[in-house]
Amino acid sequence: MSDVPALTFSADQAEAYDRVSADLLAQGIDLGEAMLLPRAEGKGSVLAVMGKAGSGKTMLLASLYRALRAAGVDIVSGDYEGRRRKDRRNLAVLAPTNKAASVLRLRGVPATTIHRILYTPVYDPQYEKIAEWLAGQAPRPEVEGLTEIALDRAHAFYQQVPSIPGALAAAGLRGSDFIKGWKRREEPLDVGFVDESSMLDERQLEDLREIFPTLVLFGDPAQLAPVGASGEMVFDKLGDSRKMVLSRIHRQTQDSPILDLAHALGDDSLRFEDFEQMVQDAARQDDRVQWAERVSSDLMARSPVLVWRNVTRIKLIRAFRAAYGAPEDALLPGEPLICDGIELPLKHRKKRIDLEARGLIKGAQVIYLGPGKNEGFARLHVVGAEDPQVSAASIIKIEKPDEEEPFIPSAARMGAAFLHGAAVTIHKAQGSQWEDVQVFAPDLWAAAQAGRSEAGMPLWKRLAYVAITRAEKRLHWVVRNRLALPKGPLGIADLVVRPVPLTLEGLEPEASVS
């Protein structure tokens, strides 16, 4: 028997691990013996592992990933997929957004986005030989135009970071050299783990069920349901036998004042005024909670202030741009954006897939780097993406208070659409985390005064729970409608510059970033 990490688990985690293991065994994956059995044919299964922040969902997901890998299961990352071997199984770890996937990658789990699994890259046959060699599926190739030293660089990179595009870039290749396009996945996979599954809608779940006979959804039932879902999340419709709840808050999170505040919201008798007093008391005792009289414009440049109302969002964005002296008719390098979707007709399906594959999906956080070489193009840094820099046709809209028509500093005829990202609604912040998070408390007070509920819980409590659990290290509870002036100008020096950035087939060549 291999060592199952149950000794470090709480009882509810161990029970969930065993339940997932049983489903995997029915599919011919034996975690207990770390081996693969003859492939089982039968119905697919969907399990849900639910728990509030700090209950150990990510720890359990990571442990299951390591056990599957030890059993010989191939990991599908989304950037390259070699020939499927009949005697092997595969696993993909997914998240709805780049930011959520990057949180898992930082913890050693090679997660990718749902979009990157629905669509697979088409490699040039010449360079696919290198990918197969790096993935251990073929001998070292001879490739015209590449020296042995270049191949050695690719191999050394891949040993440190298991990314095929990154390794090929280290060899001196550009994305347009080796990725010739993207296609809708034709072959199913075996096992899918989906983090932040409270963000999934029914259509996404059906897409995933077509690909994965075994799905495990990890989600927080206290978060906000997708817009238009009437307060329901996809795992709510599963039978009780298909749902596991992690209720214990683990030792390593018990000293977190942020999580203490999050779990205090579960008290049915708690009023907004009482909760705000708890925040103030926590701020006196621990600097990880800050009682703030003003919104920090410096923090807004990289982590948006979280609000409930759109009118608040628009006013804060206007104040942010004024504080940095941004002109009315242009964006400054370093201004944050949020992708609002792809505005392309159906006949341009390939370009849409290209954009989505590079991380420009609805809700993606992006930093503006500057105008592109061609009219209507913008150079962008996609936060959380594995290859973050891209130049793409962009439609950037900045809404103004009391005005129906937004200001549009970049207006391609079609392409990726963006809104300003210095402030975002709490709904759009789901799936993301930042070291410092500012929560605009006057909006939550307004939600409390409105008396609205969602799925039997006061809306202000759901909003507060989602907002404060976006904070990794510090929570800033902003109590006044004021903005502090920035300490310095906006910039992009903090963004990682890759030596050989990738480009999109059919889009503008990537410009260097200084």
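This chain uses plain numbering: 1 for the first residue, then up along the sequence.
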Ignoring hydrogens and angles, tell me if any N or O in the side chain of [X] forms a donor-acceptor pair with the backbone of [Y] under 3.5 Å.
X: R470; Y: V466; value: yes
X: S394; Y: A392; value: yes
X: R105; Y: G384; value: yes
X: D236; Y: M233; value: yes
X: R242; Y: V46; value: yes
X: H263; Y: K52; value: no
X: N98; Y: G359; value: yes
X: E276; Y: E273; value: no
X: T97; Y: A100; value: yes

Inset, instruction - Using the side chain to side chain contact (heavy atoms under 4.5 Å, CB included) rule, take M50 and D220 through it: C-alpha gap first, then chi angles, then the decisive distance, then the call. - result: CA-CA 5 Å; M50 302 179 296; D220 186 338; over 6 Å; no
I need the minimum non-hydrogen distance between [X] and [Y], along with the two atoms involved.
X: R209; Y: L215; answer: CG-CD1, 3.8 Å
X: L246; Y: A16; answer: CD2-CB, 4.1 Å
X: I468; Y: I258; answer: O-CG2, 3.3 Å
X: G372; Y: S391; answer: CA-OG, 4.3 Å
X: Y368; Y: A378; answer: CE1-CB, 3.8 Å
X: S297; Y: A484; answer: OG-O, 2.6 Å

Inset, instruction - Report the C-alpha distance between R203 and D201 in whole Å, list the side-chain angles of each, state the deciding distance to 0.1 Å, and finish with yes or no for salt bridge (Lys or Arg N to Asp or Glu O under 4.0 Å). - result: CA-CA 6 Å; R203 181 175 178 180; D201 58 34; over 6 Å; no
Are side-chain heavy atoms of [X] and [Y] found at a separation under 4.5 Å?
X: E399; Y: L419; answer: yes
X: Y465; Y: Q223; answer: yes
X: E293; Y: V479; answer: yes
X: V76; Y: I117; answer: yes
X: F272; Y: K461; answer: no
X: V383; Y: V366; answer: no
X: L495; Y: L369; answer: yes
X: M244; Y: L47; answer: yes

Legend entry - Steps toward salt bridge (Lys or Arg N to Asp or Glu O under 4.0 Å) verdict (R107, E472): CA-CA 13 Å; R107 299 181 183 185; E472 292 177 340; 5.9 Å; no
Inset, instruction - Give the intermediate values and the outcome of side chain to side chain contact (heavy atoms under 4.5 Å, CB included) for residues L331 and I396. - result: CA-CA 9 Å; L331 283 174; I396 301 172; 3.7 Å; yes
So how far is it from [X] [atom1] to [Y] [atom2], rounded to the nearest 0.5 Å?
X: D195; Y: L94; atom1: CG; atom2: CG; result: 10.0 Å
X: I361; Y: I342; atom1: CD1; atom2: CD1; result: 9.0 Å
X: L217; Y: L205; atom1: CG; atom2: CG; result: 6.0 Å
X: E206; Y: I211; atom1: CD; atom2: CD1; result: 11.5 Å
X: F218; Y: L60; atom1: CZ; atom2: CG; result: 5.0 Å
X: H420; Y: I317; atom1: NE2; atom2: CD1; result: 6.5 Å

Among side-chain atoms of [X] and [Y], is any donor-acceptor pair under 3.5 angstrom?
X: W460; Y: E454; answer: no
X: D281; Y: Q277; answer: yes
X: W477; Y: Q280; answer: no

Within 6.0 angstrom of [X] [atom1], more than 12 heavy atoms from elsewhere:
X: D340; atom1: CG; value: yes
X: W291; atom1: CH2; value: yes
X: K400; atom1: NZ; value: yes
X: K428; atom1: NZ; value: yes
X: Q160; atom1: CD; value: no

Inset, instruction - Please assess L224 against L459 for the test side chain to side chain contact (heavy atoms under 4.5 Å, CB included), listing each intermediate value before the final yes or no. - result: CA-CA 9 Å; L224 294 157; L459 177 61; 4.1 Å; yes
Inset, instruction - May I ask you to decide if the ring planes of Y17 and F9 are parallel, tilted or perpendicular, using 30° and 60° as cut-offs? - result: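 Judged by the thresholds at 30° and 60°, the geometry between Y17 and F9 is tilted.
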Legend entry - Check: Y65 ring centroid to F193 ring centroid under 6.0 Å: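 That pair fails the under 6.0 Å test.
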Inset, instruction - Name all residues meeting the side chain to side chain donor-acceptor pair (under 3.5 Å) criterion together with H115; count only those two or more places apart in sequence or in a different chain, and write none if there are none. - result: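 Scan of H115 (side chain to side chain donor-acceptor pair (under 3.5 Å), adjacent residues dropped) gives none.
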Inset, instruction - Kindly indicate, with the supporting measurements, whether the criterion side-chain hydrogen bond (donor to acceptor under 3.5 Å, both in side chains) is fulfilled by Q365 and W434. - result: CA-CA 11 Å; Q365 186 186 4; W434 298 271; 3.1 Å; yes
Legend entry - ring-ring contact (aromatic ring centres under 6.0 Å, His included) contacts touching residues 322-344 (sequence neighbours left out):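 For residues 322-344: F320-Y324.
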Inset, instruction - Evaluate salt bridge (Lys or Arg N to Asp or Glu O under 4.0 Å) for E328 paired with R321, printing each intermediate quantity in order. - result: CA-CA 9 Å; E328 285 286 334; R321 301 197 77 240; 5.6 Å; no
Legend entry - Under-4.0 Å salt bridge between K397 and E343: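 A salt bridge links K397 with E343.
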Pairs under 3.5 angstrom only: tabulate donor-acceptor contacts from the side chains of residues 300-310 to other protein residues two or more places apart or in another chain.
from : atom 1 : to   : atom 2 : distance (Å)
R302 : NE     : D494 : OD2    : 2.9
R302 : NH1    : G334 : O      : 2.9
R302 : NH2    : G491 : O      : 2.7
R302 : NH2    : D494 : OD1    : 3.1
S303 : OG     : L299 : O      : 3.3
S303 : OG     : D436 : O      : 3.0
R309 : NE     : D443 : OD1    : 2.8
R309 : NH2    : D443 : OD1    : 2.8
N310 : OD1    : R313 : NE     : 2.8
N310 : OD1    : R313 : NH2    : 2.9

Legend entry - Derivation and outcome, side chain to side chain contact (heavy atoms under 4.5 Å, CB included), residues H476 and F440: CA-CA 9 Å; H476 303 257; F440 194 70; over 6 Å; no
